[in-house]
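What follows is one structure encoded as structure tokens, with my remarks underneath.
Note that the structure is predicted; figures quoted are calculated from it, not measured. Note: hydrogens, waters and symmetry copies are ignored here, and every other heavy atom, side chains too, is used. Letters A, B, ... are given to chains in the order of the sequence lines, protein chains preceding strands, and every chain is numbered from 1.
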Protein chains: 2
Amino acid sequence: MAGSGARGPRRRATMADIAEQLGISKAAVSYALNDQPGVAADTRDRVLALARELGWHASSSARALSGAQTSVVGLVLSRPTDLLTVETFFIRFLAGLEQVLSERGFSLLLRVIGDHPEDEISTYERWWGERRIDGVILMDERVHDPRVSALAELGLPGVLCGGPMPGAELPCVWTDQAGDAAVAVQHLAALGHRRIGHVCGPPVFAHERARRRGVRRAGRARGVEVTTVEAPYTGPEAGKVTRRMLASESRPTALIFGSDTMAIAGLSAATELGLRVPEDLSAVSWDDSILTTLIQPAVTALSRDTPGYGGLAAAVLIDLIEGRNRGLVRAPLSTLQVRGSTARPS
Amino acid sequence: MAGSGARGPRRRATMADIAEQLGISKAAVSYALNDQPGVAADTRDRVLALARELGWHASSSARALSGAQTSVVGLVLSRPTDLLTVETFFIRFLAGLEQVLSERGFSLLLRVIGDHPEDEISTYERWWGERRIDGVILMDERVHDPRVSALAELGLPGVLCGGPMPGAELPCVWTDQAGDAAVAVQHLAALGHRRIGHVCGPPVFAHERARRRGVRRAGRARGVEVTTVEAPYTGPEAGKVTRRMLASESRPTALIFGSDTMAIAGLSAATELGLRVPEDLSAVSWDDSILTTLIQPAVTALSRDTPGYGGLAAAVLIDLIEGRNRGLVRAPLSTLQVRGSTARPS
DNA sequence: TAGGTTGACTTAACGGATTAAGTTCTATTC
DNA sequence: GAATAGAACTTAATCCGTTAAGTCAACCTA
């Protein structure tokens with residue numbers, strides 16, 4: 001499996017080597033290797049055989065230099081590193097993304113920038129300027145997101161995970177946050193909850209705003225009182241906010257958490273306050289992962305095929321790179337995984 | 001911040017553009033941009049100013065083609081995707097790795113291959129053949145790891161996270177598993193535990209074997225009886241194995257888990273069996289993350305500055321690429337974070 | 001049999017940066 | 001005033017694959 005033959009490890013073969021060894025021209029070798037007309041069948045076979053024997057691969061630099069695309073897609077993760085730590089969302093997204101990329105012959109260039117979101121745009125500028133990438137995926141849409149116009153100015157193809165962007169030329173993979181909100185609120189309302197708390201992530205993120213609006217609207221539609229609090233995605237902060245919310249006079253009987261990590265931290269805080277889950281407090285997590293099933297009780301969660309979401313983003317980007325702008329694409333729907341953390345209020 | 005000026009978004013500037021606009025040769029521009037002698041100071045300044053104005057970046061392809069390195073490092077993650085999901089280790093490792101890479105002007109090319117570990121070597125072959133990368137980082141050392149000889153055969157620089165590799169030419173970032181084992185066992189022994197269970201990850205991984213040996217040896221040295229069981233890294237499997245171990249006649253009073261995820265699943269299983277933690281069962285996790293502090297009680301864990309580990313691997317690799325083989329490098333030591341999950345047996 | 005077509009190639013230019021090897025011109029030195 | 005050194009450039013080759021344009025022989029047709 002691990003490379004055959006005892007060829008020297010030093011110099012990597014080039015097309016010129018193949019051409020010389022077979023006594024033909026570089027061009028003929030190129031035609032043969034790219035399955036283009038202009039070479040006889042047996043010549044083609046001899047070229048292919050020798051190329052295989054020499055372990056030849058086309059230099060991506062030379063290819064890119066003569067006009068071809070690089071077949072590389074860029075991704076910048078720009079949350080503080082201690083959040084990446086917990087947000088298993090990213091790695092699931094990444095896994096799905098990568099699968100589609102590799103299926104379609106693309107590679108992923110990754111940058112993790114901790115606490116300097118302004119580096120994101122300059123990273124794009126550099127990568128694009130250096131002809132390292134063919135396109136990028138924008139995660140974590142912000143409210144007035146400067147990245148959209150930056151891409152337009154650079155002429156750099158990209159997909160936005162978020163949107164919709166009315167009148168923008170870049171395709172969006174859009175998630176129906178309001179629909180998800182309705183499902184979660186409906187579940188709790190049907191169990192008999194009348195006061196729901198929403199522990200929401202930072203409102204700089206467009207999806208958090210959409211979720212907040214969605215939860216409020218869904219609550220209004222079902223006669224449920226909704227209280228929203230915002231917290232950074234970190235566990236300790238989510239715990240603190242939850243504690244405060246549960247200490248209030250008219251405390252909610254159910255909480256919706258913005259992520260699996262927040263849910264776990266929040267439930268931990270609730271337990272410390274002596275509340276039993278689900279008897280005294282129901283909880284829903286807005287993101288599912290194996291985490292939610294690891295703790296006791298397992299957490300009811302909106303589950304969204306995150307790898308599929310990443311894969312879809314990759315597919316939309318590759319289509320764009322290849323000239324097909326798919327516009328607004330809807331991400332796979334979430335489904336509610338009902339588990340032990342939700343029950344009727346006592 | 002987001003790109004200034006109203007320059008056209010289409011064509012990206014080249015050195016030839018700069019040369020033409022200033023009426024000098026490409027070579028002079030190159031010398032100016034690379035801070036090499038051969039140009040007057042004011043010419044250099046004008047070149048630099050124009051380059052900045054045009055948003056010029058050196059084409060990485062052209063650079064690489066004329067012999068320079070690509071300044072890209074490759075990493076293949078080859079665990080089943082559902083494991084990546086939980087293993088927050090990877091993303092912390094990645095974050096640290098990336099920080100050092102970007103500080104030193106390198107980028108990361110990432111591939112996630114789910115369940116086909118044999119693709120890893122062929123990915124290296126392709127990346128190296130295509131001149132996309134300067135080196136790779138090998139994670140998850142296996143027992144007779146075919147990747148080591150594959151790299152040697154290709155002449156592809158790489159660091160091994162693991163080792164030591166006696167007589168091998170590739171540098172290793174080595175973790176003292178036996179030392180860590182001794183710390184964990186010592187902690188439990190000092191609390192009075194005499195029967196310890198070790199829920200170990202799959203023994204195809206070299207580090208799991210080293211840990212198993214380390215725990216056994218440390219137990220023997222302190223008169224502690226050690227039982228080892230192996231499980232895949234998945235939560236459900238770890239739970240199952242834990243349950244079986246705790247059901248036995250002479251059940252251990254303390255468990256050491258191979259990862260944070262396994263620890264959480266295991267503790268969940270113990271709670272289901274009616275065991276209280278830490279009164280009836282103490283638990284130590286061999287990997288720390290925010291996860292271990294999110295649950296109740298928080299889990300005592302061997303904590304190892306995973307981002308620092310990733311960063312070290314990156315530094316050793318870049319040094320190798322630049323011609324300095326650092327040989328066997330010791331990874332930062334783990335420290336035991338004592339939390340609520342360990343106490344003296346009742 | 002001249003003229004045209006096709007197949008199987010070869011030649012040469014190109015892309016963008018690097019760099020060895022010139023070429024000018026100015027300044028210094030004896 | 002001639003020789004020499006050095007600064008400030010330019011020229012041209014190189015890296016490797018792609019591709020438009022050209023060559024040459026064989027085969028086909030009216």
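Note that the CD1 atom of B:I133 and the CG atom of B:L156 stand 5.0 Å from one another [nearest 0.5 Å]. Atom CD1 of B:I321 sits about 5.0 Å away from atom CG of B:D134, to the nearest 0.5 Å.
Within 4.0 Å (heavy atoms only), B:S25 reaches at least one base atom of the nucleic acid. Within the 4.0 angstrom heavy-atom criterion, only backbone atoms of the sugar-phosphate kind lie near A:T43; the bases stay farther away. Residue B:A58 is in sugar-phosphate contact alone, with no base atom involved, counting any heavy-atom pair closer than 4.0 Å across all strands shown. Heavy atoms of A:A40 sit under 4.0 angstrom from primed sugar atoms or phosphate atoms, though from no base atom. Within the nucleic acid shown, B:S30 comes within 4.0 Å of at least one base atom, counting heavy atoms only.
For B:T14, the listed nucleotide lying nearest its side chain is C:dG16; candidates were C:dG15, C:dG16, D:dT10. Comparing C:dC9, D:dG17, C:dA17 by their nearest atom to the side chain of A:S59 picks out D:dG17. Among the nucleotides C:dA17, D:dT10, D:dC16, the one closest to any side-chain atom of B:I24 is D:dT10. For A:L65, counting side-chain heavy atoms from C-beta on, the closest listed nucleotide (D:dG17, C:dC9, C:dG16) is C:dG16. Among the nucleotides C:dG16, C:dC9, D:dC16, the one closest to any side-chain atom of A:A62 is D:dC16.
If you measure from atom OH of B:Y31 to atom P of C:dA20, you get 7 Å, rounded to the nearest angstrom. Between A:R46 atom CZ and C:dA8 atom P there is a gap of 13 Å when expressed in whole angstrom units. When rounded to the nearest whole Å, the span between CZ of B:R131 and P of C:dG16 equals 21 Å. Per the geometry, CZ belonging to B:R63 stands 13 Å off C1' belonging to C:dT19, to the nearest Å. As a whole-Å value, the separation of B:I18 CD1 from C:dT18 P is 11 Å. At whole-Å resolution of the value, NZ in A:K26 and P in C:dT11 are 12 Å apart. Regarding B:M15, its CE atom lies at a distance of 17 Å from the P atom of D:dA12, rounded to whole Å. Distance CG (A:D17) to P (D:dC15): 11 Å, rounded to an integer number of Å.
Of the two residues near DNA chain D, B:G67 and B:A27, the one whose nearest nucleotide lies more 5' is B:A27.
Residues B:L48 and B:A32 approach most closely at CD1-O, 3.8 Å, considering heavy atoms.
Between A:L110 and B:L94, the closest side-chain pair of non-hydrogen atoms falls below 4.5 Å. A:V72 is listed as a side-chain neighbour of B:R132, based on a closest heavy-atom distance under 4.5 Å.
Regarding contacts with the backbone of C:dA17, a side-chain N or O of B:W56 is found under 4.0 angstrom from either OP1 or OP2. Between B:N34 and C:dT18, a side-chain N or O to OP1/OP2 separation shorter than 4.0 Å is present.
Using bins of under 30°, 30° to 60° and over 60° for the plane-to-plane angle, the ring pair B:F93/B:Y309 lands in the perpendicular bin.
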